[in-house]
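Remarks on the structure that follows.
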Amino acid sequence: MRPKTLQNILSATLVAFLFQASSSHSTFVDPSVLDSCSGYSATNITTSGATLTADLILNGEGCAVFGSDIKHLGLTVVYETDTRIHVKIVDATSPRFEVPESVFPRPHANPDLSPENAAIQFNYTASPFSFSIYRTGSNEVLFSTASHPLIFEPQYLRVKTNLPSNANIYGLGEHSNPFRLPTENTTLTLWSRDAYGIPVGTNLYGNHPVYFEHRTTGTHGVFLLNSNGMDIKLTNAGGTALEYNVIGGVLDFYFLAGNTTDPTEVAKQYAEIVGTPAEVPYWSFGFHQCRFGYTDFVDVADVISNYSAAGIPLETMWTDIDYMDKRRIFTVDPSYFPLNRMRDIVSYLHSHDQKYILMTDPAVAYTPGEDYGTYNRGAESDVWLKAANGSDSLGLVWPGVTVYPDWFHPNISEFWNNEFELFYNPTTGIDIDGVWIDMNEPSSFCNFPCSDPFQQAIEQNIPPPRTTPPPDPNAPIFVNSTVKAKRDDILSPPYAINNAAGPLSSRTGFVDAKHANGLVEYDVHNLYGTMMSIATHEAMLARRPGKRTLVITRSTFAGAGHKVGKWLGDNLSTWDQYRKSIAGMLGFASIYQLPMVGSDICGFGDNTTETLCARWAMLGAFYPFMRNHNQDTSISQEFYRWASVTQAAKTVIDIRYRLMDYIYTAFHQAHLDGTPVLHPLWYKYPKDTATYPIDLQFFYGDSILVSPVTDENSTSVTFYLPRDIFYDFTTLAPVQGQGSTVTLTNVSFTQIPLHIKGGTVLPLRAQSAMTTTDLRTRDFELVAAPGTDGSASGALYIDDGVSITQSSQTSLKLSFAKGRLDVQGDFGFDSGVKISRVRFLGVSANPKSVRVNEESVSTAQYAYDAINQILDMSIGLDLTAPLSVQYS
């Protein structure tokens with residue numbers, strides 16, 4: 001069909017055929033019509049070293065699907081590393097919005113790279129233009145736009161690639177879909193929104209336009225650096241395909257070769273683009289407690305005391321917006337949370353080696369003429385996001401009518417740092433140890449079109465009044481305690497993405513709002529949460545120079561993990577969301593390079609049950625970020641409120657704390673090179689097709705297989721054990737996996753099935769503790785769990801746990817083979833502890849001889865368990881020098 005004829009057909013059938021009615025908010029476009037568009041032709045193709053450039057000229061009149069096709073595009077292809085190709089398509093005649101380098105620094109490229117030596121290659125067809133990415137060694141095609149013409153219009157960009165049938169696709173978050181994405185009519189929408197209940201199949205809080213595809217022949221990745229709203233569609237009709245539908249910006253792709261044998265290599269390559277995860281303080285791996293609905297300072301103090309009395313380790317106490325005066329940030333309610341009593345709580349916690357974190361939202365109460373310092377200082381610096389007419393852009397959030405900080409404003413860092421210094425001042429304010437930032441999509445309660453937020457504030461009763469009388473300000477606490485240019489149609493673009501909230505400006509900031517540098521919110525909406533994260537990270541660094549920060553955010557964009565951690569938002573107390581939390585966590589920890597992640601344990605909304613909370617406590621101990629949190633309209637769910645949950649929490653936190661240095665070491669390695677902190681099973685068994693869809697099990701670190709009970713009120717679980725040797729974490733007895741499912745019965749609500757993967761030397765603290773400060777004084781024990789080849793390896797990293805730059809560190813390699821364990825490396829950090837014991841697993845017979853550092857030891861120093869095949873060796877040597885332990 002000739003292009004001009006096609007254009008006429010499209011115009012004539014616009015309503016009746018092309019944009020069919022849909023139950024969703026998105027525009028439906030018949031794929032066959034789009035695939036009939038004329039596309040572009042490549043001309044002036046030039047290759048120089050590792051770079052190819054070309055002009056892309058529109059064939060005929062184009063399709064004009066959602067506007068006039070841009071007639072002249074520019075193509076640049078750069079082989080940046082031997083595993084990464086950068087493909088960028090822009091408007092050749094007019095600049096368009098691109099993600100600013102200030103928000104997302106671009107990765108470095110190797111200028112001396114020879115393309116023929118690269119692991120993947122770029123190939124193209126000149127007319128109609130299409131391109132593909134294929135593996136150099138095997139010619140296997142990884143990405144191909146053949147038969148799918150490029151569409152590039154002012155507010156609609158379309159790229160479509162063919163995929164293998166029922167492809168294994170992971171990523172493209174944030175969502176609550178299965179970890180392996182369904183390829184049958186799945187739409188993944190990237191547009192930040194406040195998504196209470198994290199409903200399946202909708203856009204959620206953050207945006208990560210990257211996917212990993214796994215095949216038996218290898219794993220590769222594709223990242224689209226674009227912050228505009230988009231729908232990414234997976235379909236099986238006419239063959240499996242993945243299609244990008246983007247409403248702005250440019251096409252800025254990074255293709256990652258990954259590896260043919262090790263899936264984690266693609267994660268490392270992605271980290272080279274977005275940055276490696278931040279190193280967080282050692283204490284942040286402790287247990288955290290929060291609730292929206294603590295009524296006053298006495299209530300908060302009682303929770304701290306009750307955890308201590310129950311013998312459940314509590315590392316960090318959190319407080320939600322309850323503490324604020326009229327829910328205004330950087331204030332305390334003088335009657336319910338007076339500053340002096342809040343300082344008493346912080347002093348108590350710090351004196352007991354515990355920590356404190358408060359909520360900080362971005363929205364600032366709009367209070368001209370009132371004595372609210374934060375608003376007045378911000379207004380004086382003129383740092384608020386502006387409406388299209390130049391006035392302050394108003395929203396409706398917890399304190400009522402609000403303004404939003406403009407994170408692009410040149411004075412924003414000075415303003416934000418100053419507010420942190422004033423309110424969180426260690427001497428005169430609340431000396432927090434970390435920060436929790438929320439509502440930063442940004443969220444708004446104002447119903448679209450929000451023409452009168454003041455009236456809506458009255459109708460919605462925002463901010464709500466207190467419902468309890470204030471406490472006596474002198475009430476005793478801790479008694480008996482032991483422990484660019486604006487487009488005319490950006491408010492309603494011609495292609496409507498599948499935003500679950502409806503129009504783009506619904507329940508968020510207006511997309512025609514202007515930033516100080518001229519950018520409009522339409523282009524940078526999806527960056528707002530990450531920019532707040534960066535600013536907050538910098539503000540905490542200013543408060544505590546040289547110290548690592550813990551900032552937990554809700555809204556993220558690609559690269560946020562380089563600065564902050566993330567919780568998975570406002571989930572519900574249901575068994576289904578308990579199960580889905582694993583897939584959500586795996587997405588952030590194993591793909592998006594944001595491993596400090598976890599869900600609200602026991603659920604945020606609705607009421608939990610004793611059995612659900614017990615199971616969730618057990619699972620939550622294997623989230624990197626472990627926090628119990630729920631809302632004010634739900635029942636209280638602190639672990640100590642039920643006997644079974646108390647026991648579950650004590651049991652599993654004991655395990656978590658003993659494993660803390662193991663996971664701390666994993667985080668250090670992630671910071672160095674992007675090695676994932678959590679692993680889906682297929683990362684470890686890439687040829688085993690049975691592992692590809694599994695998202696109810698995972699590896700904590702690279703060696704602890706977690707297989708929780710996931711059925712409601714059940715005491716049995718059926719899980720998959722790959723064909724490999726494992727060891728029961730509790731008994732240490734060997735378990736031979738057969739590449740099939742295993743059913744365990746009588747799994748009590750205070751138990752969780754755990755297995756050590758063979759081939760591991762596991763560093764453990766010999767005992768747990770009530771705080772991480774105390775934990776760091778406990779000795780180590782090493783567990784050598786040989787693999788099928790009889791060998792094992794591991795690592796242990798120790799430093800002071802808080803400093804960004806370390807003056808000394810201990811970094812050890814643990815290796816076992818032929819009955820000998822060697823501990824070698826740099827012993828620079830004085831940990832003050834010993835290796836108290838070494839445990840050899842899978843020992844088939846009582847040894848005749850045991851040697852420590854080449855010296856024979858008496859039989860009194862070791863014991864053999866013939867039933868579980870364990871050899872225990874008492875060591876008692878300082879962790880200051882190399883060690884060898886050998887048996888024969």
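Positions are given from 1, in the same order as the sequence printed here.
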Basic-acidic side-chain contact under 4.0 Å: [X], [Y]:
| X | Y | result |
| --- | --- | --- |
| Glu521 | Lys514 | no |
| Arg507 | Glu441 | no |
| Arg215 | Glu140 | yes |
| Arg106 | Glu80 | no |

What is the ring orientation for [X] with [Y], classed by angle as parallel under 30°, tilted 30 to 60°, or perpendicular over 60°?
| X | Y | answer |
| --- | --- | --- |
| Phe448 | Phe510 | tilted |
| Trp682 | Tyr692 | perpendicular |
| Tyr592 | Phe588 | perpendicular |

Donor-acceptor contact present, side-chain [X] to main-chain [Y], <3.5 Å:
| X | Y | value |
| --- | --- | --- |
| His562 | Thr276 | yes |
| Ser444 | Gly509 | no |
| Ser130 | Thr145 | no |
| Ser590 | Pro676 | no |
| Asn226 | Val250 | yes |
| Ser506 | Pro503 | no |
| Trp191 | Leu504 | yes |
| Asn440 | Pro442 | no |
| Ser393 | Ala387 | no |
| Asp69 | Lys71 | no |

Is the distance between the ring centroids of Phe129 and Tyr40 under 6.0 Å? no

Apply salt bridge (Lys or Arg N to Asp or Glu O under 4.0 Å) to residues Asp406 and Lys386 and explain how you reach the verdict. CA-CA 8 Å; Asp406 176 359; Lys386 301 299 182 184; over 6 Å; no

Atom of [X], atom of [Y] and distance for their closest heavy-atom approach:
| X | Y | value |
| --- | --- | --- |
| Pro178 | Pro182 | CD-CD, 4.2 Å |
| Gly67 | Glu153 | O-CD, 3.1 Å |
| Arg135 | Thr217 | NE-O, 4.4 Å |
| Ile490 | Gln155 | CA-NE2, 4.1 Å |
| Leu204 | Ile198 | CD2-CA, 3.9 Å |

Name the residue from Tyr495, Phe253, Tyr211 that meets the ring pair (Phe, Tyr, Trp, His ring centres under 6.0 Å) definition with Tyr244. Phe253

In Tyr528, Phe408, Tyr404, Tyr522, the residue satisfying ring pair (Phe, Tyr, Trp, His ring centres under 6.0 Å) with His515 is Phe408

To the nearest 0.5 Å, what is the distance between CG (Asp523) and CG (Asn228)? 4.5 Å

With Ile232, the side-chain contact (heavy atoms from CB on, under 4.5 Å) member among Leu242, Thr189, Asn245, Leu224: Leu242

If you define the side chain from C-beta out and look only at heavy atoms, does anything of Thr235 sit under 4.5 Å from Asn185? yes

Walk me through whether Asn177 and Leu188 qualify under side-chain contact (heavy atoms from CB on, under 4.5 Å). CA-CA 9 Å; Asn177 293 13; Leu188 302 143; 3.8 Å; yes

